[in-house]
Trainee: 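Here it is, the structure, as structure tokens.
These numbers were taken from a predicted model, which means no experiment stands behind them.
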Amino acid sequence: MAYKIVFFGTADFSLPSLDALLKDSRFEVVAIVTKPDAPFGRHQTLTPPPVKVMAQEHNVPFFQFEKIKMEESYEILKQVQNDRMVDAYVVVSYGKIIPQRILDLPKHGCINVHGSLLPRWRGASCVQSAIAAGDKTSGVTIMLLDAEMDHGDILAQKEIEINSDETSGKLHDRLAQLGAETLPDVLANYLNGKITPQPQDHSQATYCKILSRDDGKIDWTKSADEIDRLVRAYNPWPGTWTECDGKRIKISKVETGNWKELDDKRVNFQIVHDRLFIVCGSKSALEILELQPEGKRVMTAKEYIAGHPQVTSDN
RNA sequence: CGCGGGGUAGAGCAGUUGGCAGCUCGCCAGGCCCAUAACCUGGAGGUCGUGGGUUCAAGUCCCACCCCCGCAA
């Protein structure tokens, strides 16, 4: 008989894992819990989270609790537990902290898929943090949830290399896929007792915070390498930007450039042979390859220069 | 109707109080040079997002609509 699972998830990162469980005959996803529809996009239209869409496509019952902490949420999940004898919860990028008494409901606890090699990068921006910090590798951790964030015992880890030109968008997708490939076997082996959970080495823990757009303002006194990593790490979210003539310009693609050609006394955009450079800290420089002025679409540096023969940055 | 910027040549931009539609790059042809991302000469390429309106005259003023984007979430 199939193991009964309740899946908690909201974002795109959840989809491959949910899909893997839905397709696997060893599991029956008896219900899905996801966040409520939220205002989204330029017109603030109420939009369902991706996981809800997938739940509807597969005709799986789903719940969108306004507040997971409320009594009602607990009562409903308790009812599901009594009716279906759920074996485990699987939590992938749900987006809210689940209260302990809900975590205690399923017979064998709650399994989480996290996009980093725990205990490194506990928290909400694990993918961005790994790239921004210049990590050579990342991976996924399949773990048990406990009371503290990303703190529980580990069931399995898979490591992958971070490519030197990789953005968070790409790594995010690869990790979501890797998690989905790893999850089913690990989950089955945990439930049939073949895996013994291993505690994390808490002394090695590092943490990362939720990012906002303001975090993406580029500090040009940092070195070109640091900024290059930040640009890749914050692509596509939250994006990196700088101010120019009082307007915001997103910087979406850069490459470490040649310092020696540039005037080191200014920290401005500088045009050299149809190419756009900016002087950074530590005697380094970046070439801007792609940017997006406020209100405009993404364009190459060459296109930007065509309409801005003289450009300067306010920093 | 959350706030805001924008749609003008293949690309990026300018266009002043309405008065013959421009700039940089690219493209085509030719020239110069040991050579070039350089330079010179000539050329092609625009129903100014769409539909109405005002006017002798609208890219420009008025109304409606379509599309793109930044903030926010």
Trainee: If I pick the C1' atom on B/G49 and the same atom on B/G6, what distance separates them, to the nearest angstrom?
Mentor: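 Roughly 11 Å separates the two C1' atoms.
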
Trainee: Between A/Met299 (CE) and B/G10 (P), how many Å, whole number?
Mentor: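 The distance from CE of A/Met299 to P of B/G10 comes to 17 Å, rounded to the nearest Å.
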
Trainee: Generate the contact string for nucleotides 21-26 of chain B. Rules: B means base contact, S means sugar-phosphate contact only, - means no protein heavy atom under 4.0 Å.
Mentor: ---BS-

Trainee: Sorted by first residue and then second, give each salt bridge (charged side-chain N to carboxylate O under 4.0 Å, His left out) pair with at least one member in residues 181-205 of chain A; sequence neighbours left out.
Mentor: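 Residue pairs with at least one partner in residues 181-205 of chain A: A/Arg26-A/Asp185.
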
Trainee: Using a distance-only test with no angle check, is there a side-chain donor-acceptor pair under 3.5 angstrom linking A/Glu290 and A/Thr300?
Mentor: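 Looking only at side-chain atoms, A/Thr300 and A/Glu290 do not form any donor-acceptor pair under 3.5 Å.
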
Trainee: Given the P atoms of B/G5 and B/C63, what is the spacing between them in whole Å?
Mentor: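 Approximately 15 Å lies between the P atom of B/G5 and that of B/C63.
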
Trainee: Across all strands, who's sitting opposite B/G22 as a Watson-Crick or G-U wobble pair, both distances under 3.5 Å?
Mentor: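 In the structure as shown, B/G22 has B/C13 as its Watson-Crick or wobble partner.
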
Trainee: Using the C1' atom as the point on both nucleotides, what is the distance between B/G18 and B/C62, in whole Å?
Mentor: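 The answer is 13 Å between these two C1' atoms.
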
Trainee: Taking the P atom in each of B/C25 and B/G42, what is the distance between them to the nearest angstrom?
Mentor: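 It comes out at 15 Å once rounded to the nearest Å.
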
Trainee: Between protein and nucleotides 67-73 of chain B, map the contacts as a letter string: B base, S sugar-phosphate only, - none, heavy atoms under 4.0 Å, written 5' to 3'.
Mentor: -SBBBBB

Trainee: When rounded to the nearest Å, what value does the distance between P atoms of B/C67 and B/U55 take?
Mentor: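 Nearest-Å result for B/C67 against B/U55 at atom P: 32 Å.
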
Trainee: Looking at A/Gln128 and A/Ala132, would you say the former's side chain and the latter's main chain have a donor-acceptor pair under 3.5 Å?
Mentor: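 No.
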
Trainee: Say we look at B/G4 and B/G43: how far apart would their C1' atoms be, to the nearest angstrom?
Mentor: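 Each nucleotide's C1' atom is 42 Å from the other's.
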
Trainee: According to side chain to side chain contact (heavy atoms under 4.5 Å, CB included), who are the partners of A/Lys23, at least two apart in sequence or on a separate chain?
Mentor: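 Checked A/Lys23 against side chain to side chain contact (heavy atoms under 4.5 Å, CB included); matches are A/Asp19.
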
Trainee: Could you note down all residue pairs passing ring-ring contact (aromatic ring centres under 6.0 Å, His included) where residues 28-55 of chain A supplies at least one of them, sequence neighbours left out?
Mentor: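 Applying ring-ring contact (aromatic ring centres under 6.0 Å, His included) to every pair that reaches into residues 28-55 of chain A, excluding sequence neighbours, yields nothing.
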
Trainee: Side chains of A/Asp135 and A/Trp121 only: does a donor on one sit below 3.5 Å from an acceptor on the other?
Mentor: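 A/Asp135 vs A/Trp121: donor-acceptor pair found between side chains.
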
Trainee: Is a side-chain donor-acceptor pair under 3.5 Å present for A/Ser168 with A/Trp237?
Mentor: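 No.
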
Trainee: Checking base pairs now: Watson-Crick or wobble, both atom distances under 3.5 Å. What partners B/C61?
Mentor: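 Partner of B/C61: B/G53.
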
Trainee: Without hydrogens or angle criteria, can the side chains of A/Gln64 and A/Lys35 be said to hold a donor-acceptor pair below 3.5 Å?
Mentor: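 No - no donor-acceptor pair under 3.5 Å links their side chains.
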
Trainee: What is the distance, to the nearest angstrom, from the NZ atom on A/Lys247 to the P atom on B/G12?
Mentor: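 Nearest whole value for this atom pair: 16 Å.
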
Trainee: Can you tell me how far C1' in B/G7 sits from the matching atom in B/A44, rounded to whole Å?
Mentor: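 Between the two C1' atoms, the distance is 25 Å.
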
Trainee: Both distances below 3.5 Å, Watson-Crick or wobble geometry, any strand: find the nucleotide opposite B/U36.
Mentor: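 Pair assignment: B/U36 / none.
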
Trainee: Could you work out the separation of B/A11 and B/C68 based on their C1' atoms and round it to a whole Å?
Mentor: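 About 16 Å, rounded to a whole number of Å.
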
Trainee: By the salt bridge (charged side-chain N to carboxylate O under 4.0 Å, His left out) test, which pairs, at least two apart or in different chains, include something from residues 61-90 of chain A?
Mentor: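 Of all non-adjacent pairs touching residues 61-90 of chain A, those that pass salt bridge (charged side-chain N to carboxylate O under 4.0 Å, His left out) are A/Glu28-A/Arg84, A/Glu71-A/Arg101, A/Asp87-A/Lys107.
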
